[in-house]
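Right, one structure below, let's go through it.
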Amino acid sequence: QVQPVESGGGLVQPGGSLRLSCVLSQSSLGFWAIGWFRQAPGKEREAIGCIANIDGNIFYENSQGGRFTIARDKAENVVSLQMNDLKPEDTAVYYCAKSKDYVCSFYTYDFDSWGQGAQVTVSS
């Protein structure tokens, strides 16, 4: 079964940058849509954005004022989430997820496979 796997989390100072990566185990990205979500302590899981790999279109629910950028590297079969000018309120567990079909969504129920999550902590 296809399983998303995140990497690249860690501790970063406010104003710093971090790049998360997402790959699908036992599979290429193919035409699947890949979503990025995050969940902070005490808060609901929220969508960041989604890339529809059938055409490469990228959609943002909340790019945090443009600080967050989703991209893909087809050659390396990786979807990334670049996070710049990080703030303490960005501290959360970040997830990538595979959609049930080829189209993007910002709803968790439209994704049928989730990564384990990558902890991102923004602190001085």
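Keep in mind the model is a prediction, meaning the values are calculated, not measured.
- S17 and R19 are not linked by any side-chain donor-acceptor pair at a separation below 3.5 angstrom, with hydrogens and angles left out of the test.
- For the pair V120/D90, no side-chain contact is recorded, criterion being any heavy-atom separation below 4.5 Å from C-beta on.
- K87 is listed as a side-chain neighbour of R67, based on a closest heavy-atom distance under 4.5 Å.
- With contacts defined as side-chain heavy-atom distances shorter than 4.5 Å, the pair V78/C22 does not qualify.
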Could you go through residues 3-16 and list every donor-acceptor pair under 3.5 Å that involves a side-chain atom there, pairing it with any protein atom two or more places apart or in another chain?
residue: Q3; atom: NE2; partner: W114; partner atom: O; Å: 2.4
residue: E6; atom: OE1; partner: Q116; partner atom: N; Å: 3.2
residue: E6; atom: OE1; partner: G117; partner atom: N; Å: 2.9
residue: E6; atom: OE2; partner: C96; partner atom: N; Å: 2.9
residue: E6; atom: OE2; partner: G117; partner atom: N; Å: 3.3

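- Applying the salt bridge (charged side-chain N to carboxylate O under 4.0 Å, His left out) criterion to R45, with sequence neighbours excluded, gives no partner residue.
- Pairing each heavy atom of D101 with each of W32, the nearest pair is O-CE3, 3.4 Å.
- A distance of 10.5 Å separates CG in L86 from OG1 in T121, rounded to the nearest 0.5 Å.
- Heavy atoms only, all atoms of each residue included: V122 and T91 are closest at N-OG1, 2.9 Å.
- Applying the salt bridge (Lys or Arg N to Asp or Glu O under 4.0 Å) rule to pairs touching residues 46-65 yields R38-E46, sequence neighbours excluded.
- Between the SG atom of C50 and the CZ atom of F59 there is a distance of 7.5 Å, given to the nearest 0.5 Å.
- Considering all non-hydrogen atoms of both residues, Y95 and G115 come closest at CD2-O, 3.5 Å.
- With a 4.5 Å cut-off on side-chain heavy atoms, I58 and T69 do not count as touching.
- Residues F68 and N84 come closest through the heavy atom pair CD1-N, 4.5 Å.
- The backbone N or O of N53 sits less than 3.5 Å from a side-chain atom of R72, completing a donor-acceptor pair.
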